[in-house]
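Counting convention: from 1, in listed order, for ligands and their atoms alike. One-based numbering along the sequence shown. These numbers were taken from a predicted model, which means no experiment stands behind them.
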Amino acid sequence: MGISFKQVSHYYPGRKKKEFTIAIEDINWNINEKKEFIAVVGKTGSGKSTLIQHINALLLPSKGTVEIFDKTITSNKKKNPRLRDIRKRVGFVFQFPEYQLFEETVLKDIMFAPKNFGFKEAEAKQKAIEIAKLLGIENLLDHSPFTLSGGQMRKVAIAGILSYDPDILVLDEPTRGLDPKAAEEIMELFYSIHKKTDKTIILISHDMNIVYQYANRVVVMNNGKIAYDGDKKTVFQTNIYKETHLEKPEVLKLIDYLNDKFKYGLDYNNYTLNDLVEEVVKRYE
Ligand SMILES: Nc1ncnc2c1ncn2[C@@H]1O[C@H](COP(=O)(O)OP(=O)(O)OP(=O)(O)O)[C@@H](O)[C@H]1O
Ligand SMILES: [Mg+2]
């Protein structure tokens, strides 16, 4: 099952009548229900956010169909199935999740979605507290969400999604605006959820270091089309990353340097910076 895009295009209306922007065009794309960690990358305006908002029917296709588990979504609003069931199974963290917050307290905000999806009050509260602890924001539960920093708001919004335990997580730049330590914590959290539960994660990121460290599949968007879909090594080993204006991850730049300068002969395997330092030390011993 999972998710399947069939010839999907999305047009946004323009300022004048009959004017429109083609944000994504003729997309065919399949996502497995489990075990995928997909990074969606590409320069600004390439269509990433538009693409992934179709995964839980936040946007409807202008053309084509999106199959989400056993439901089919088309441009025809009246014929579409109930979207609530889809939203429960596919959790979505927006590019600016702080706009999603609106309750009086952080606790109420985190509890809002699970309650909306049918959890009882006590159950929603227990879930909210559990997830807040996981994210290290349990000390903020009584605060108003509007008094928090951007990074804290982001964590609250993420907690709201995790609290109803969706089958698939869709994240639009979840680490944007976080300091490096908080960004790493959040990514490690998503990664551990992915490893523990096999849940599919779809992540938009402009940070190629994060992409290279965590993703097991990379989708490169360019001008509203999928320019590449496959393993992450190929993106940076070929010219794909240059043609689509992506930065090479730091580890790969270091591998290039060691290979050029010292003829190390390393390939683009899953090295971390620590692994490379160890490799250098080993060769000097
Ligand atoms: N609400 C909207 N109304 C009109 N045009 C839009 C709207 N949202 C996006 N677009 C246009 O659609 C195209 C794709 O935008 P999208 O937001 O999907 O790109 P993106 O890859 O997510 O960019 P970024 O990296 O900056 O977030 C762009 O040309 C953008 O200007
Ligand atoms: Mg975007």
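At least one heavy atom of His206 sits less than 4.0 Å from an atom of ligand 1. Residue-ligand proximity: Gly42 is placed with every non-hydrogen atom at 4.0 Å or more from ligand 1.
Comment: Glu67 does not engage Lys71 in a salt bridge, judged by the lack of any side-chain N to carboxylate O separation of less than 4.0 angstrom. For the pair Asp229 and Arg217, the salt-bridge criterion is met [side-chain N within less than 4.0 Å of a carboxylate O]. Taking the charged nitrogens against the carboxylate oxygens, Lys181 and Glu184 have no contact shorter than 4.0 Å, which rules out a salt bridge.
Under 3.5 Å, the side chains of Asp172 and Ser49 contain a donor-acceptor pair of N or O atoms. Neither side chain, Tyr228 nor Thr238, offers a donor N or O lying under 3.5 Å from an acceptor on the other. Using a 3.5 Å distance cut-off with no hydrogens or angles, the side chains of Asn30 and Ser4 do pair a donor with an acceptor.
A ring pair (Phe, Tyr, Trp, His ring centres under 6.0 Å) with Tyr212 holds for exactly one of Tyr241, Tyr271, Tyr268, Phe236; it is Phe236.
Using a 4.5 Å heavy-atom threshold, the side chains of Lys248 and Asp256 count as touching. Using a 4.5 Å cut-off on side-chain heavy atoms (C-beta onward), Val211 and Pro249 make no contact.
Atoms of ligand 1 lying under 4.0 Å from any heavy atom of Thr21, numbered from 1 in the order shown and given with element: 29 (O). Close contacts of ligand 1 with Ser46, meaning ligand atoms under 4.0 Å from a residue heavy atom, involve 19 (O), 21 (O).
For atom 30 (C) of ligand 1, no protein heavy-atom neighbour is found at a distance under 4.0 Å.
Residue contacts with ligand 1, taken as heavy atom pairs separated by less than 4.0 Å, involve Thr50 via backbone and side-chain atoms alike.
Summarising the contacts of atom 25 (O) of ligand 1 with Met221, Glu173, Lys48, the nearest heavy atom is found in Lys48. With Gly14, Gly45, Ala23, Gly224 as candidates, the residue nearest to atom 23 (O) of ligand 1 on a non-hydrogen basis is Gly45.
Listed by chain and number, Ser49 OG, Gln95 OE1 are the protein N/O/S atoms closer than 2.8 Å to the Mg ion (ligand 2), with waters left out.
In this structure, His10 and Tyr12 have perpendicular ring planes: the angle between them is above 60°, well past the 30° mark. Ring geometry, Tyr11 versus Phe20: the interplanar angle falls from 30° to 60°, so the pair is classed tilted.
Of the protein's heavy atoms, Ser49 CB, 3.9 Å lies nearest to atom 17 (O) of ligand 1. At the shortest separation from atom 27 (O) of ligand 1 among protein heavy atoms lies Gln95 NE2, 2.9 Å. Counting protein heavy atoms only, atom 26 (O) of ligand 1 is closest to Thr44 OG1, 2.3 Å. Protein heavy atom closest to atom 9 (C) of ligand 1, with residue, atom name and distance, is Tyr12 CE1, 3.4 Å.
Panel note: side chain Asn80, backbone Thr74; a donor-acceptor pair is recorded below 3.5 Å.
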